[in-house]
Amino acid sequence: MKPSIPKGTRDFSAKEIAYRNYITNTIKEAFSLFGFAPIETPSFENSETLLGKYGDEGDRLIFKILNSGDYLSKVDEHLIKSKDSIKISPKISEKALRYDLTVPFARYVVQHQSEIMFPFKRYQIQPVWRADRPQKGRFREFYQCDADVVGSKSLLQEIEFIQLYDTVFTNLKLEGVTIKINNRKILSGIAEVIGEQDKLIDFTVALDKLDKIGEDGVIEEMIAKGISKEAIEKVKPLLHLSGDSKEQLNVLKNLLADSDQGLKGVEELRYVINSVEKIGLETAKLQLDVTLARGLNYYTGAIFEVAAPKSVKIGSIGGGGRYDDLTGIFGLKDVSGVGISFGLDRIYLVLEELGLLNDVEIEKPKVIILNFEEETILSKLKAIQQLRLKGISVEMYPDVAQSNNQQKKQWKYVEKRAIPFVISSVENDQFILKEMDTNQQKLCSLEELISICQ
RNA sequence: GUGGUUGUAGCUCAGCUGGUUAGAGCGCCGGAUUGUGGUUCCGGAGGUCGCCGGUUCGAACCCGGUCUUCCACCCCA
């Protein structure tokens with residue numbers, strides 16, 4: 001059998017893990033700096049927890065887990081003969097792999113509401129699964145790093161999340177990141193003003209594609225979705241908004257004069273953007289983007305999306321927003337939440353492409369002891385014990401060299417792993433120590449060895 | 001879900017319009033030379049050319065199907 005793994009999944013080498021840990025540690029540090037504490041939820045949930053939360057498209061992409069045992073025996077025979085997958089699947093599958101971290105988190109909040117102190121701040125770094133077709137920066141198993149606050153409607157949270165994004169990308173030394181911000185209330189306000197409330201989703205999805213398919217493309221798609229020509233005519237000014245955020249907000253304010261909701265969105269955005277501008281960001285740029293929609297149906301206020309530096313062609317590396325009633329479907333009303341997510345795998349690709357991972361330390365021993373002759377093994381093992389007691393990582397090449405070639409192989413092993421110190425042999429309690437960087441070699445005692453390598 | 005793309009030794013790839021025992025470099029293993037590696041040289045192992053079927057006297061190369069890779073759309077991190 002030829003070994004293989006399912007498409008869209010990956011093995012990670014020691015080096016890749018080192019790089020990934022560097023990224024997640026940077027994110028974790030920032031999360032706790034901002035007062036978030038980690039929680040974890042199971043890899044799979046009851047299907048009813050997940051299904052219907054992400055729209056039809058989302059449901060299609062959820063990995064369903066087949067019931068164990070004789071899962072067909074209890075299914076009605078007519079149903080099986082009907083070959084109706086949608087009706088049969090809930091009968092044979094009651095669990096599913098989580099699709100994101102937000103919905104399981106909402107479930108968690110409701111289920112543990114009596115133990116939780118609100119406002120509740122948590123972070124979660126775990127893999128999620130989607131039955132998608134893989135492509136660049138898109139996998140079927142990937143990691144999300146989410147931070148959310150529930151139980152506070154304060155816009156200060158939005159401001160803090162923007163700062164959190166900025167902190168992480170600053171610490172990763174990633175320059176040129178753009179944090180795009182919009183407000184769902186503005187989008188529904190626009191839909192209201194142009195009289196197309198019921199087509200809000202189609203409208204926003206089309207608008208979202210502006211930078212991808214251009215003005216004509218957006219208009220074409222809106223027509224295809226049945227949005228009236230009058231409505232589109234009213235929207236047109238949006239398609240070429242210009243100027244700084246202040247000017248853009250003023251245009252929006254005029255456009256949305258008849259929509260209370262829309263005006264509220266404008267004010268919320270104005271507050272957040274003004275505050276952030278006054279406080280200042282380290283490396284990231286905050287940008288108002290009225291076309292920013294995001295697919296998820298549960299956002300109700302601010303919407304965030306993080307774009308990688310322009311030189312890297314990849315989808316968004318993070319996103320988030322405010323959802324006023326996510327916990328409502330699980331029976332807990334009026335709990336507002338806001339959160340953001342970092343796409344670990346995409347951030348990795350961006351950093352790698354920009355060469356920002358090259359300086360990351362890879363775990364390896366500091367010292368290696370070569371194994372050229374049987375007789376000295378015991379004294380070497382003793383030295384190893386002493387070095388390890390001092391916290392110096394050290395290993396010995398396991399196989400004794402029987403020939404010149406095998407000695408050569410040991411040296412090659414050292415070189416390949418870039419181990420800085422090599423002990424080639426022991427004579428009368430004196431070690432022959434070679435420092436690979438300088439190529440200098442000297443004879444030293446155990447004490448000297450420890451002080452050099454420490 | 002739609003469209004395209006890829007698949008030859010462990011890795012990177014050759015293999016002209018179908019023709020006898022399928023090649024290279026690197027790597028790997030053994031050996032020689034090098035004071036303890038990084039040089040040079042010699043030798044060796046390793047592939048039913050993704051899989052199934054078809055066309056043909058004959059296919060790695062043509063056709064169909066299938067799986068896989070990567071990419072774009074949809075959607076998204």
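Labels below follow one simple rule: chain letters A, B, ... track the order of the sequence lines, proteins then strands, and each chain is numbered from 1.
With no hydrogens or angles considered, a side-chain donor-acceptor pair links A/D146 and A/S341 at under 3.5 Å.
Using a 4.0 Å heavy-atom distance criterion, A/Q135 is classed as a base contact. Residue A/L370 is out of contact with every strand shown, counting any heavy-atom pair closer than 4.0 Å. When heavy atoms are screened at a 4.0 angstrom cut-off, A/F139 is found touching base atoms of the nucleic acid. Residue contacts for A/G318: at a heavy-atom cut-off of 4.0 Å it reaches the sugar-phosphate backbone alone, with no base atom in range. Base contact: A/G137 has a heavy atom under 4.0 Å from a base atom. A/K209 comes within 4.0 angstrom of the backbone, heavy atoms only, and of no base. Counting any heavy atom pair closer than 4.0 Å across all strands shown, A/S424 reaches a base atom.
Residue side chain A/F142 meets the stacking definition with respect to B/A77: its ring centre sits within less than 5.5 angstrom of the base's six-membered ring centre, and the planes differ by less than 30 degrees.
OP1 or OP2 of B/U68 sits under 4.0 Å from a side-chain N or O of A/K7. Close to B/G37, at under 4.0 Å from its OP1 or OP2, lies no side-chain N or O of A/Q407.
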Whether each nucleotide of nucleotides 25-32 of chain B has a protein heavy atom under 4.0 Å at its base (B), only at its sugar-phosphate (S) or at neither (-) is summarised, 5' to 3', as ----SSBB

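Taking the six-membered ring where tryptophan is involved, the planes of A/H112 and A/Y108 are tilted, since the angle between them lies from 30° to 60°.
Between the P atoms of B/C76 and B/G18, the separation comes to 48 Å (whole Å). Spacing of C1' atoms, B/U20 relative to B/C51, comes out at 26 Å, to the nearest Å. Here the separation of B/G53 from B/C67, taken at their C1' atoms, is 15 Å to the nearest Å. Comparing the same atom, C1', in B/G46 and in B/G27 gives a spacing of 12 Å after rounding to whole Å. Here, B/G50 and B/U8 have their P atoms 6 Å apart, quoted to the whole Å. Distance check on atom P: B/U55 versus B/G47 gives 30 Å, rounded to whole Å. Look at the P atom in both B/C52 and B/A60: the space between them is 13 Å, to the nearest Å. A gap of 16 Å separates the P atoms of B/C49 and B/C11, to the nearest Å.
Atom NZ in A/K434 sits roughly 10 Å away from atom P in B/G38 (whole-Å rounding). When rounded to the nearest whole Å, the span between CD1 of A/I62 and P of B/A77 equals 13 Å. Going from atom CG of A/D345 over to atom C1' of B/A77 covers 8 Å, rounded to whole Å. For the pair A/W129 CH2 and B/A77 C1', the interatomic distance rounds to 15 Å; values are reported in whole Å. Rounding to whole angstrom units, CG of residue A/D132 and C1' of B/G1 are separated by 10 Å. Counting to the nearest Å, the C1' atom of B/C70 and the CZ atom of A/R138 are 14 Å from each other. Regarding A/K136, its NZ atom lies at a distance of 16 Å from the C1' atom of B/C76, rounded to whole Å. Distance CZ (A/R140) to C1' (B/A77): 16 Å, rounded to an integer number of Å.
For A/M436, the side-chain atoms get nearest to B/G37 when compared with the rest of B/U2, B/G37, B/C74. Picking from B/G37, B/C75, B/C73 the nucleotide with the shortest atom distance to the side chain of A/V205 gives B/C75. Of all nucleotides listed (B/C71, B/G38, B/G1), B/G38 comes nearest to the side chain of A/N439.
Taking the ring centroids of A/Y397 and A/F372, they lie at or beyond the 6.0 Å cut-off. Two rings, from A/F169 and A/F342, have their centers less than 6.0 Å apart.
A 3.5 Å limit on both hydrogen-bonding distances identifies no Watson-Crick or G-U partner for B/U33. For B/A24, the paired base is B/U12 (Watson-Crick or G-U wobble, both distances below 3.5 Å).
Below the 3.5 angstrom threshold, one finds no donor paired with an acceptor across the side chain of A/E415 and the base of B/G38. Judged by atom type and distance alone, A/R130 does not reach the base of B/C76 through any side-chain donor-acceptor pair under 3.5 Å. Between the side chain of A/R346 and the base of B/C76 there is at least one donor-acceptor pair of N/O atoms closer than 3.5 Å.
Without hydrogens or angle criteria, A/R130 side chain to A/Y99 main chain gives a donor-acceptor distance under 3.5 Å. Put simply, the side chain of A/S32 gets close to the backbone of A/E29: a donor and an acceptor are under 3.5 Å apart. A donor-acceptor contact shorter than 3.5 Å links the side chain of A/R98 to the backbone of A/P42. When atom types are taken as modelled, the side chain of A/K53 and the backbone of A/E48 share a donor-acceptor pair closer than 3.5 angstrom. Between the side chain of A/R122 and the backbone N or O of A/F105, no donor-acceptor pair lies under 3.5 Å.
Partner A/L370 forms a side-chain contact (heavy atoms from CB on, under 4.5 Å) with one of A/V414, A/I423, A/V400 and no other, that one being A/V414.
For the pair A/R60 and A/W411, nearest-nucleotide mapping onto RNA chain B gives the more 5' position to A/R60. Toward the 5' end of RNA chain B, the nearer of the two residues A/G343 and A/K313, judged by each one's closest nucleotide, is A/K313.
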